[in-house]
Asks: 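If you scroll down you'll find the structure; I have some questions about it.
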Amino acid sequence: MPAGTENSEPKQARALATRRRLLDAAVDELLDHGYVGLTTPGVASRAGVSRGAQQNYFPRKTTLIAAAVRHLALRQMEELRQQLAGVPRGGARIQAGLDVLFAQYGGCLFAAIVELSLAGRSDAELREVIMVEERNISLGMQEAASVIFGDGFPPNSEIASRWGTVLSAIRGLALLKLLGHPPTGVDRQWVATRPQLLEVLGQASR
């Protein structure tokens, strides 16, 4: 074992754990207080990290927010993979995948993006950050399709073009929850809408 490895590995692990706590705390602060109410000292306090340590990792608010959104998106993609791991290929897997995406779009990631997009209307620097992260999330949604469909999702195919339409429908319906509509009513709408989206994707895959 190279000299210093025993000491460096625990140190690296602690650094990764601290960074993860800061990112989780930033997401929670954003959802609780909005972008305007979010402060880096508040994030540090929530994460149980000193102000100096927080500044070492994320010296600026916008870089912290960008990293937090990316962290949340990656975490949700991993959740998608885990939830689909035991679902066989075919219609059941596609339906399960759509259900997972609907739940995710009605959750923390989409809520954070909506909050930041609204705040970015009057903040050019934040707006640029959000544009980059939205592109990354779009790529993540394409990756989600590959997880759901596997090799049956070639780029530039008809099913790939229809996937964007399906995602737009899922986002629009999930947004109702964030706007304060009764969750049970939105869930009923989803159950009624899902067969139509499955049909759209099924027609393209035939």
Side-chain angles (χ1 to χ4, degrees), residues 11-81 100-147 155 160 163-181:
K11 183 177 180 180
Q12 291 172 357
R14 288 195 300 272
L16 288 173
T18 298
R19 187 178 189 275
R20 190 176 301 113
R21 288 203 306 274
L22 283 167
L23 295 177
D24 287 337
V27 171
D28 291 339
E29 286 287 296
L30 176 66
L31 297 177
D32 286 349
H33 304 297
Y35 179 73
V36 174
L38 182 149
T39 65
T40 50
V43 170
S45 175
R46 189 163 192 154
V49 174
S50 72
R51 180 79 171 100
Q54 177 266 306
Q55 289 180 317
N56 285 336
Y57 286 92
F58 302 104
R60 298 171 61 243
K61 181 177 176 177
T62 50
T63 56
L64 172 60
I65 289 297
V69 172
R70 194 176 307 119
H71 165 72
L72 185 55
L74 291 173
R75 190 174 72 189
Q76 293 202 342
M77 184 58 61
E78 183 57 31
E79 289 175 1
L80 174 68
R81 292 193 188 93
V100 173
L101 290 176
F102 174 71
Q104 290 184 343
Y105 271 122
C108 296
L109 177 60
F110 196 35
I113 289 295
V114 170
E115 167 65 30
L116 293 173
S117 296
L118 292 174
R121 293 181 301 174
S122 57
D123 186 326
E125 184 181 14
L126 177 62
R127 185 163 61 249
E128 180 62 28
V129 167
I130 293 306
M131 288 175 62
V132 171
E133 293 311 316
E134 285 181 335
R135 285 194 293 269
N136 289 334
I137 290 172
S138 294
L139 292 175
M141 290 301 100
Q142 290 300 108
E143 184 182 350
S146 297
V147 172
W163 179 244
T165 300
V166 169
L167 284 180
S168 294
I170 294 174
R171 279 196 302 265
L173 194 53
L175 179 61
L176 295 178
K177 286 188 177 182
L178 301 182
L179 293 176
H181 289 237

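Side-chain atoms are counted along with the backbone in the values below, which use heavy atoms only and exclude waters and symmetry mates.
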Asks: What's the spacing between Leu22 CG and Glu29 CD if we round to 0.5 Å?
Replies: 11.5 Å

Asks: Write out all pairs satisfying salt bridge (Lys or Arg N to Asp or Glu O under 4.0 Å) with one or both partners inside residues 112-124, taking only residues at least two apart or from two chains.
Replies: none

Asks: Out of curiosity, Thr63 OG1 to Tyr57 OH, how far, rounded to the nearest 0.5 Å?
Replies: 14.0 Å

Asks: Between CG of Leu176 and CZ of Arg171, what distance do you get to the nearest 0.5 Å?
Replies: 13.5 Å

Asks: Look at the side chain of Ser168 and the backbone N and O of Gly164, then say whether any donor-acceptor pair between them is shorter than 3.5 Å.
Replies: yes

Asks: So which atom in Ser50 and which in Ala44 form the shortest heavy-atom distance, rounded to 0.1 Å?
Replies: O-CB, 4.2 Å

Asks: Do Ile65 and Leu38 have side chains that get closer than 4.5 Å, going by heavy atoms?
Replies: yes

Asks: Applying salt bridge (charged side-chain N to carboxylate O under 4.0 Å, His left out), name anything that partners Lys61, two or more places apart in sequence or on another chain.
Replies: none

Asks: Looking at Ala112 and Leu30, what are the two nearest heavy atoms and their distance?
Replies: CB-CD2, 3.6 Å

Asks: Around atom CZ of Arg21, are there more than 12 heavy atoms of other residues, nucleotides or ligands at under 6.0 Å?
Replies: yes

Asks: Of all residues at least two apart in sequence or in a different chain, which pass the salt bridge (charged side-chain N to carboxylate O under 4.0 Å, His left out) check with Asp24?
Replies: Arg75

Asks: Enter the distance from Arg127:CZ to Ser122:OG here, rounded to the nearest 0.5 Å.
Replies: 8.5 Å

Asks: Going by heavy atoms in the side chains, are Phe102 and Leu173 under 4.5 Å from each other?
Replies: yes

Asks: Are any of the side-chain heavy atoms of Leu118 and Tyr35 separated by less than 4.5 Å?
Replies: no

Asks: Evaluate the criterion side-chain contact (heavy atoms from CB on, under 4.5 Å) for residue pair Leu167 and Tyr105; output intermediate values, then yes/no.
Replies: CA-CA 10 Å; Leu167 284 180; Tyr105 271 122; 4.1 Å; yes

Asks: Would you name the heavy atoms of Ala53 and Val49 that are closest together and state the gap between them?
Replies: CB-CG1, 3.4 Å

Asks: Distance from Leu126 atom CG to Glu128 atom CD, nearest 0.5 Å?
Replies: 10.5 Å

Asks: Please check this pair: side chain of Gln12 against backbone of Leu16, looking for a donor-acceptor N/O pair closer than 3.5 Å.
Replies: no

Asks: Hey, could you give me the CG/CG distance between Asp28 and Leu23, rounded to the nearest 0.5 Å?
Replies: 11.0 Å

